[in-house]
Number of protein chains: 4
Amino acid sequence: MPRPLPDSVLAVTDGSPEQVRAHILSAAVQVMTRKGVSAASTRAIAEEAALSGGTLYNYFSTREELVARAIVRHSLEVTASIAAFPARAGTHTVARNLQFFVTEAGKALDRILPLLAAAFADPGLLDAVRREMLDSFPLNDPAAAVEKYLLAERRLGRVATGADCRAVASILVGLCHDDAFQRHLHASDERPTRHKEITLLVRSLTGTR
Amino acid sequence: MPRPLPDSVLAVTDGSPEQVRAHILSAAVQVMTRKGVSAASTRAIAEEAALSGGTLYNYFSTREELVARAIVRHSLEVTASIAAFPARAGTHTVARNLQFFVTEAGKALDRILPLLAAAFADPGLLDAVRREMLDSFPLNDPAAAVEKYLLAERRLGRVATGADCRAVASILVGLCHDDAFQRHLHASDERPTRHKEITLLVRSLTGTR
Amino acid sequence: MPRPLPDSVLAVTDGSPEQVRAHILSAAVQVMTRKGVSAASTRAIAEEAALSGGTLYNYFSTREELVARAIVRHSLEVTASIAAFPARAGTHTVARNLQFFVTEAGKALDRILPLLAAAFADPGLLDAVRREMLDSFPLNDPAAAVEKYLLAERRLGRVATGADCRAVASILVGLCHDDAFQRHLHASDERPTRHKEITLLVRSLTGTR
Amino acid sequence: MPRPLPDSVLAVTDGSPEQVRAHILSAAVQVMTRKGVSAASTRAIAEEAALSGGTLYNYFSTREELVARAIVRHSLEVTASIAAFPARAGTHTVARNLQFFVTEAGKALDRILPLLAAAFADPGLLDAVRREMLDSFPLNDPAAAVEKYLLAERRLGRVATGADCRAVASILVGLCHDDAFQRHLHASDERPTRHKEITLLVRSLTGTR
DNA sequence: GATGAATGAGCATTCATTCAT
DNA sequence: TATGAATGAATGCTCATTCAT
């Protein structure tokens, strides 16, 4: 019988469907990152959002849709900083910038991986995530950001004209994925610097021997 | 009606504990790959194995142990062929061999990724997988296999003396991980050839420009 | 079909949480007294209450809590009449009143004993019962009621000044326990009158020989 | 396929059905007293007896029969010492002897009560226990032992001729039951001496005021 | 006889979803 | 429109019992 949204919700939203939806998604992200995706039951999300369980269904049609949307939204937020990477062109050294990317992308992946892993483990959820990604496009494409950065450096003359920027970008992102994968698999906190690989790539980019 | 294993099980095993255990693990892998790890309930596994639910517990002490063992065992089987990769040293061309590796490792990863992802999504299961991996050591380490291959090529003179074989191996494996990740995330069947990246790596290996 | 309580439940409650809780507790008592505490599974209780199994958990957090509460509540109800016993002081004869107590307490114990026995047999349940008893205090203490009655009789002059009322009360309650125990152990319906023991006690109380 | 009983069993029995049965009952008693009746699964009993689970069914037709028999046997053993009580007639003082009885019977009841409680909680088991008791008759009847003791004292002149020995015996046993009951219900280790009640009884026995 | 694996009903509990209020 | 109680299927796991060997 109680009609208005609880005060605690109105305190952080204007009560509009969009904002309430966003509020619920934030709650879902909170729960998922704190306790894991499997702990993100509708009850837990509703509690975190300070809403009744039934209310969720006024904003999302199933738990799957809600969780998928939360995963994608969180991924977008976490990778947002990557969009700024091309702006580093011309600053520091190329090697140091690539190193920086590996470190930052690594941190971002650490936060995303558990959520995407949960999606990979559940075909229905994975489908929902895919649908959601299509709607949310363009996703932050890390390889594209790196390529953009390298092309800028090429224009600045800090990278050889013939360098295959796309290939180097792909490789760099691959390294990040590998690192995150290994870290999770072996419960390691070590964050490899990838010095040697970056050196190899820089040589390739600059044409030095 | 308690005693003999059902005919359907005896048809594919000799009834020995080892084979029954393997049969159950196969059933678990079947279910997990077909329906996702989250659908691999004890009931579903028992049904797939054509066994009663209680019987599972004569062979495994918890569902977690059973699933973890199935994941690790499947991973070992799928990556077994990688151990043979170093033997390609001296055959074909280095580029073609690396290409071959990317393709084969990609196929293997496609089969493993969903299972490992499920482990990543469930802390308890991940722990069990780690324990299981320790028992099953040595795991097939793809980067080590590639490095071994490259070192052999260097001995054969097909790779420059100064080439950083370890770094190239790391990069190659990173590419594979990235490919598999992208493929799963986007439900793609495309298998990128990674021609350009391999070219870059070969140049680095041979010291050509 | 999720929402309203079934008609059969609304027929005996007003639908308020307190009454539904009481209804569930009654169902639990029914099952326990009819089939034994070991048969009081959540399913059986839910069925007796004409509710879905999950609904129980909206009113009690575990089966143990539910069963313990049912046991204590039932015990309180059954022993409620004992609180009125002291009011008999001055009426009838002391012997007849003690006889009356033995009979009434015996009937009450017959209904309680199997439930308390079940608690004795299950450490976890026993703990829960103890906790519940603390909350429900003051429990009806039969010995205290008898002592209170005897002290009143002493004030009225129907019991000798030097009589040890506490000791007599203890003894009387002990007789009741013994009777109930024997009755249950031997599936007997016989209700011993305890004439001779009461005579002995009355002599002690009145100082007659 | 293994035919003979395991060595560990043959080490403590002669392999005859009676002794094997007794061995199994001992194992059951061990488990029940150590872990509680609810932990006395057939598996646990078989393990304690160092026998295969199926073997139990060559000696007992159901778990219920086995457990009931173990309970009754244990009760007989524990109360065996009571048979010796009448021999105390003429020694010490009557009061002290009654005190001794209360203490000893209390200890015995503490060991029996959890087992009988479990039986009271489960109608099927209780029936089995009753059947078993009929077969095992005569049970050690504590009240009868006390009465026998008191009659002997009467013959010795330490108890008045007119004393109602039967009634006093009943009362004393009732006190023991009550004590055990209270102890279990309140998780108490206190063992009340029952000084005042015994004094009352002794006065009744000796005709003193 | 002794074995121990197979059985499947049974257990307490959780959960996404619904819908009368 | 928000609520929160009702639902009942599903979960991992245990257990007494059977019976081919």
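Quick note on labels: first sequence line is chain A, next is B, and so on, each numbered from 1. As the structure is a computational prediction, the values presented were derived from the model and not from experiment.
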NA contact type, B:L56, heavy-atom cut-off 4.0 Å: base, sugar-phosphate, or nothing? nothing

Numerically ordered, the residues 32-43 of chain B set in heavy-atom contact under 4.0 Å with DNA chain E is B:R43

Take atom CD of D:E64 and atom P of F:dC15, then tell me their distance rounded to the nearest Å. 17 Å

Output yes when a side-chain donor or acceptor of B:R21 lies under 3.5 Å from a complementary backbone atom of B:S16, and no otherwise. no

Quick one: D:E47 CD to F:dA16 C1', roughly how many Å, whole number? 16 Å

Nearest to the side chain of A:S52, which nucleotide is it out of F:dA2, F:dT3, F:dT14? F:dT3

Does D:R34 have more than 12 heavy atoms from other residues, nucleotides or ligands lying within 6.0 Å of its CZ? yes

Residue that, paired with A:Q30, satisfies side chain to side chain contact (heavy atoms under 4.5 Å, CB included) out of A:H74, A:K35, A:E48: A:E48

Between E:dG1 atom P and D:L10 atom CG, what is the distance in whole Å? 13 Å

Whole angstrom is fine here: how far is it from CD in D:E18 over to P in E:dG1? 11 Å

Pairwise side-chain contact, A:F120 with B:L116, heavy-atom cut-off 4.5 Å (strictly under): no

For the helix from E:dA2-F:dT21 to E:dT21-F:dA2, what is the angle between the axes at its two ends, each from 5 pairs, rounded to 10°? 10°

Spacing of C:D122 atom CG relative to E:dC11 atom P, expressed in whole Å: 15 Å

Within this structure, what is the CG-to-C1' distance between D:D14 and E:dG1, rounded to whole angstrom? 16 Å

Can you tell me if C:R63 uses its side chain to pair, donor with acceptor, with the backbone of C:A40 under 3.5 Å? yes

Does E:dG1 have OP1 or OP2 sitting under 4.0 Å from an N or O in the side chain of D:N58? no

Could you check how far CD1 of C:I45 sits from P of E:dG10, rounded to whole Å? 16 Å

With DNA chain E as reference, determine whether C:Y57 or B:V20 sits nearer its 5' end, using the nearest nucleotide of each. B:V20

Heavy atoms only, 4.0 Å cut-off, all strands: where does A:Y59 land among base, sugar-phosphate and nothing? sugar-phosphate

Salt-bridge criterion met for D:E65 and D:R69 (N-O under 4.0 Å): yes

Donor-acceptor contact below 3.5 Å, side chain D:H23 vs main chain D:T13: no

So, the side chain of D:E132 versus the backbone of D:A68: is there a donor-acceptor pair under 3.5 Å, distance only? no

Taking the side chain from A:T55 and the backbone from A:L51, do they hold a donor-acceptor pair closer than 3.5 Å? no

Output the rounded distance in Å from CD1 (B:I24) to P (E:dT7). 10 Å

Over all strands shown, is D:P6 touching base, sugar-phosphate only, or nothing at heavy-atom distances under 4.0 angstrom? sugar-phosphate

Against the side chain of B:R63, the closest entry in F:dC13, E:dT14, E:dT3 is F:dC13

Quick check: do B:S75 and B:I112 have side-chain heavy atoms less than 4.5 Å from each other? yes

Of all the nucleotides listed (E:dT3, F:dT3, F:dA6), which has the minimum atom distance to the side chain of A:T55? F:dT3

Select from A:L51 and B:G53 the residue whose nearest nucleotide in DNA chain F is closer to the 5' end of that strand. A:L51

